[in-house]
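Comments concern the structure below.
Bear in mind that the values here come from a model prediction, so they are computed numbers and not experimental data. Chain letters run A, B, ... following the sequence lines, proteins first, then strands; residues in each count from 1.
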Amino acid sequence: MKRQLVELPISTSDGQFIARYSEKGLAELDFPNANRRRRGNESQISEDEDSSRRLRQIKKWHRATETALKKTLAGSKSKLPPLDAEGTEFQKSVWREMRKIPLGRTKSYGEVAQAIGNPKAVRAVGGACGANPIPVLVPCHRVLAANKKLGGFSGGLDWKRSLLKREGLSL
DNA sequence: TCCGTATTGAACT
DNA sequence: AGTTCAATACGGA
């Protein structure tokens, strides 16, 4: 059984993103028009004291997510809410490593593999990037192929190109 | 256990 | 400069 997530929209000039929260933080972020199934919504929160406290917490995180997303889309640095992406240890170590890539810089899949102490796991790193549930804020778009070419992107290569360009990079 | 993957680098045209 | 190919770690079925 999947954990229950609270789902909230974020309107930006690039369209409406969808954020989902666990009790520990931001768990997922969808691009506009991503066709992903709904997993929960605000109305399902009951009215006991714990739930309303949790909802207030989530709304606070959501404000942080909104500003972080908008700033990142504008190509500037931002403070993130707590993240609670679900995945294997390997995937989480890849996502952790991607978060260390500074704005406007890139790493190759091989370099990420090396950085997490698993230098031969280059393809697995690609897999973990594709499984990243929080694109943009966990900057999977800053990971390129070794020849400095684009590689792939689950949200569509146009997004990857665009995000890098906003950070001041060309190819 | 088998298959696909957002790879890589070398060895070939 | 393009194509093929083996090696490779991981995750899903």
Side-chain angles (χ1 to χ4, degrees), chain A residues 1-5 7 10 12-40 65 68-78 80-171:
Chain A
M1 143 157 178
K2 274 292 188 182
R3 59 188 179 157
Q4 186 71 14
L5 300 176
E7 183 173 272
I10 301 177
T12 74
S13 48
D14 292 287
Q16 180 180 274
F17 287 70
I18 294 175
R20 296 193 189 78
Y21 299 86
S22 72
E23 67 236 354
K24 300 220 282 272
L26 176 63
E28 301 178 359
L29 182 68
D30 282 357
F31 282 107
N33 303 326
N35 47 350
R36 199 197 293 236
R37 65 203 167 283
R38 289 179 74 94
R39 288 235 203 111
T65 304
L69 178 61
K70 286 172 184 172
K71 288 185 78 168
T72 306
L73 289 175
S76 57
K77 199 175 155 205
S78 65
L80 299 183
L83 303 183
D84 184 32
E86 190 175 50
T88 65
E89 277 312 307
F90 176 82
Q91 290 170 330
K92 286 192 277 195
S93 71
V94 171
W95 302 333
R96 247 194 318 277
E97 196 57 39
M98 291 192 303
R99 292 225 281 143
K100 295 191 204 162
I101 306 175
L103 186 112
R105 301 285 307 287
T106 65
K107 266 192 156 116
S108 71
Y109 296 98
E111 286 170 324
V112 173
Q114 193 139 36
I116 63 174
N118 209 335
K120 283 180 263 189
V122 280
R123 303 188 67 178
V125 166
C129 289
N132 171 23
I134 314 179
V136 185
L137 297 185
V138 175
C140 44
H141 57 279
R142 303 209 266 251
V143 184
L144 307 182
N147 48 11
K148 308 306 184 222
K149 277 314 272 182
L150 206 50
F153 197 64
S154 44
L157 285 178
D158 288 343
W159 266 110
K160 189 169 186 175
R161 254 189 298 271
S162 173
L163 289 168
L164 290 171
K165 174 151 191 158
R166 295 170 202 217
E167 298 186 4
L169 296 170
S170 41
L171 302 157

Inspect the surroundings of [atom1] in [X] and state if more than 12 heavy atoms from other residues, nucleotides or ligands are less than 6.0 Å away.
X: A:Arg99; atom1: CZ; result: no
X: A:Asn147; atom1: CG; result: yes
X: A:Lys92; atom1: NZ; result: yes

**Study point:** Nucleic acid footprint by protein, nucleotides 8-13 of chain B - heavy-atom cut-off 4.0 Å, B for base, S for sugar-phosphate alone
**Key:** SS----
Check your understanding: Using a cut-off of less than 4.0 Å, is there contact between a side-chain N or O of A:Asn118 and OP1 or OP2 of C:dC10?
Key -> yes
Check your understanding: Within less than 4.0 Å of OP1 or OP2 of C:dG11, is there a side-chain N or O belonging to A:Thr88?
Key -> yes
Check your understanding: A:Trp95 and A:Leu83: side-chain contact (heavy atoms from CB on, under 4.5 Å), yes or no, with the steps?
Key -> CA-CA 11 Å; A:Trp95 302 333; A:Leu83 303 183; over 6 Å; no
What distance separates [X] [atom1] from [Y] [atom2], expressed to the nearest 0.5 Å?
X: A:Leu163; Y: A:Thr72; atom1: CG; atom2: OG1; value: 9.0 Å
X: A:Leu103; Y: A:Lys71; atom1: CG; atom2: NZ; value: 10.5 Å
X: A:Leu137; Y: A:Met98; atom1: CG; atom2: CE; value: 11.5 Å
X: A:Leu29; Y: A:Thr65; atom1: CG; atom2: OG1; value: 8.0 Å

Review point. Strictly under 6.0 Å, is that where the ring centroids of A:Phe31 and A:Trp159 end up?
Key: yes
Review point. Run the side-chain contact (heavy atoms from CB on, under 4.5 Å) check on A:Leu5 and A:Ser22 step by step: do they pass?
Key: CA-CA 5 Å; A:Leu5 300 176; A:Ser22 72; 3.8 Å; yes
From [atom1] of [X] over to [atom2] of [N], roughly how many Å is that when rounded to an integer?
X: A:Phe153; N: B:dT7; atom1: CZ; atom2: P; answer: 14 Å
X: A:Leu150; N: B:dT7; atom1: CG; atom2: P; answer: 11 Å
X: A:Gln91; N: B:dT5; atom1: CD; atom2: P; answer: 16 Å
X: A:Phe90; N: B:dA6; atom1: CZ; atom2: P; answer: 14 Å
X: A:Met98; N: B:dA6; atom1: CE; atom2: P; answer: 14 Å
X: A:Lys120; N: C:dA9; atom1: NZ; atom2: P; answer: 6 Å
X: A:Lys149; N: B:dA6; atom1: NZ; atom2: P; answer: 18 Å
X: A:Phe31; N: B:dA6; atom1: CZ; atom2: P; answer: 15 Å

Check your understanding: Taking DNA chain B as the partner, which of residues 123-130 of chain A come within under 4.0 angstrom of it by heavy atom?
Key -> A:Arg123, A:Gly126, A:Cys129, A:Gly130
Review point. Only one of A:Arg142, A:Lys77, A:Arg105 clears salt bridge (Lys or Arg N to Asp or Glu O under 4.0 Å) with A:Glu167; which?
Key: A:Arg142
Practice item. Runs of at least three consecutive Watson-Crick or G-U pairs, both distances under 3.5 Å, are what I'm after; which ones involve DNA chain C? Key: B:1-5 with C:9-13, B:7-13 with C:1-7
